[in-house]
Protein chains: 2
Amino acid sequence: MASIKEIAKAAQVSCSTVSRALNHKKGVSTEVRDKIIKIAEDLSYFPHSGARSLVQNRAGVIGVIIPRTSEFAFQSPFYNHVLLGLSEMAGRHDYNLMLIINDSRSYTSFYYRHQVDGVIVVGNRINDERTIELAEKNVPAVIVPGFPEGEYQNLATVNSENFKSTHRAVSYLIGLGHRKIAFVLGSMSSKYSFERLEAYQKAFREHDLDYDPAYVAESDFTKTDAYRLMGELLDLDQPPTAVICINDTLTPGVLQQIFSRGLKIPQQISVVAIGCSDLLDLVLPPLTTVRVPAEAIGQTMARVLIQLIETGHCNKRHTVIPTDFIIRESTGPAIGQGG
Amino acid sequence: MASIKEIAKAAQVSCSTVSRALNHKKGVSTEVRDKIIKIAEDLSYFPHSGARSLVQNRAGVIGVIIPRTSEFAFQSPFYNHVLLGLSEMAGRHDYNLMLIINDSRSYTSFYYRHQVDGVIVVGNRINDERTIELAEKNVPAVIVPGFPEGEYQNLATVNSENFKSTHRAVSYLIGLGHRKIAFVLGSMSSKYSFERLEAYQKAFREHDLDYDPAYVAESDFTKTDAYRLMGELLDLDQPPTAVICINDTLTPGVLQQIFSRGLKIPQQISVVAIGCSDLLDLVLPPLTTVRVPAEAIGQTMARVLIQLIETGHCNKRHTVIPTDFIIRESTGPAIGQGG
DNA sequence: TTGTATGCGTTATCAG
DNA sequence: CTGATAACGCATACAA
């Protein structure tokens, strides 16, 4: 593979002149420059990125960390949409994306190795020590969703409107007369589960209602587990008249359990899905949905991180992306459902 | 950030000794080694990957090239599953993944820049000149699906059983009495579309039937286009009694068109889906499916590429991954459908 | 067992 | 406008 040296030899100039010419710096005569550029093309020359990062102290790469199994990361519409947004925005700013999925290594290590100029953590778990290390070591980083506490120079967060959207969905169901509202959550080590459960509880309190913990199910975020848990919920003496699914991976499991029992939606049970999947649009009846704009989350993360990397600070340390509440046909009044 | 030099100073030894100790090479006394390792940890030392790639001529990175819009790449279950397989296998062999989505740059350039040790092209378009360049410049590469022709030292291909599986699906429908079988394809610049159309034609020929090109629709691989084309197909004087959807992105559009007209599956129209989506399992009635094991495709690609990179050759230059044909409830006899 | 010297490909500083 | 030289961080051949 060609190096700057060979070009220099072929053009009968020094390495410095070649470097200047190829980097479009001034101080090279037009004829010499043209000659060098032509030779470089003929030799299919490209600069060695490692050598460059050595002198320039810049990798041109953003690390995308997803602390989930690859299976989960790539099958979940949420992560896919976030990646989509990241990819768009990174490309627009000439950064490449390095994927770090389900990796046990320290998050800072990729930065210390100079493999990446900064990292994005998607699906951060509450109290993951590696995220804290990221902050303490001052590595440029953007975290979703949120970060426990503290203000750090090089750390920003992006959040979707978890609390507000869930609160709205639960209030809506309560308004329809529902009292036994099942809530299929993911793991409680996820901020998504945590914040949304708080919203659920608050909505009940605001309507002077007690909420029954029996209707709240903590899943491992898989379809299989959602299927199982929904089964248990429907087996209760007083089965729920409505159910909220916390994300796209759980919704199919919940629906399959409902379908398998021949229950009618929304006549016998109302369903609200939180998520961003297009494929779930196919379900009949069309689902009442809290639509999470995951693509916008990805775009925002990339934009903020690049600002952090290039300027050392960012305009807005904590961004919250609004969600939509779309009422369709899977929710109806609780009247006449017995119980 | 700490370098080998600082460690050397702190340990009062030379750089070479530090390098040897940290790389677990012999020729370092145990006490010196332990001392060096401790200091390295204290200083959170990690080797500079650029400097290393300069000396070792190895990046430890696999380039994953998807010549599609990021939107398409991340929303298509096929690409997601392939990425899943890639990610698993790469991680197991200590390679990182660099994502190159919808990028107009030459594929070889990433290799020439020493950013990657080899590349994987997912969703190669027939006659994409950049793929040919990859082969001619002898860059370690694995292509899916297939590659026009020629044998190259550093190039391998992975294919799913496109022809055979489609052939089986069409034969099955013909066996059920269907004659007007619509086939919603993607772009004809995709080898998937091309090979599957050939299989479709061959199945008709084998049954001494003429196939009518009017039933073959070439889409742009989007759900919207599938919806539109299925509309046109159903508007024909002699509408199809069965339809085959060539992949997961098209299936939802086709189904929505069918649902929107209130047509019953399979009584009024039979549906066969080709793909690998789990979410589509939710559709009622359960779809007869050609299941493409995309995850296995990804795993195989990574395995072969790594062998190519590390040994300079591979055991099997062209791998074909078998598909499953799963008969469920969306297909039925063509009898009594008029026409 | 350890240290010295060299080179990988690039950019930057400085002198001419 | 151009060239020589040093430096980035690391690994290694060779010398001690």
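Every chain is numbered from 1 and lettered A, B, ... according to where its sequence line falls, protein lines coming before strand lines.
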May I have the distance from Q12(B) (atom CD) to dT1(C) (atom C1'), rounded to whole angstrom?
17 Å
Side chains of Y107(A) and D128(A): any donor to acceptor distance under 3.5 Å?
yes
Roughly, in whole Å, what's the span from CD in E31(A) to C1' in dC1(D)?
11 Å
Is the gap between the ring centers of F78(A) and F221(A) under 6.0 Å?
no
May I ask you to decide if the ring planes of Y79(A) and F72(A) are parallel, tilted or perpendicular, using 30° and 60° as cut-offs?
perpendicular
Identify, with sequence neighbours excluded, every residue that meets salt bridge (Lys or Arg N to Asp or Glu O under 4.0 Å) alongside R92(B).
none
Rounded to whole angstrom units, what separation is found between the CG atom of N57(A) and the P atom of dG9(D)?
8 Å
From OH of Y112(A) over to C1' of dG9(D), roughly how many Å is that when rounded to an integer?
17 Å
Mapping L22(B) and R33(A) onto DNA chain D by nearest heavy atom, which one lands closer to the 5' end?
R33(A)
Are there more than 12 heavy atoms of other residues, nucleotides or ligands under 6.0 Å from atom CD of E31(B)?
no
Audit row: Q115(B), V61(B), side chain to side chain contact (heavy atoms under 4.5 Å, CB included) steps and yes/no:
CA-CA 7 Å; Q115(B) 290 195 99; V61(B) 178; over 6 Å; no
Using a cut-off of 4.0 Å between protein heavy atoms and nucleotide atoms, how would you tag nucleotides 8-16 of chain C 5' to 3' with B, S and -?
BBBBB----
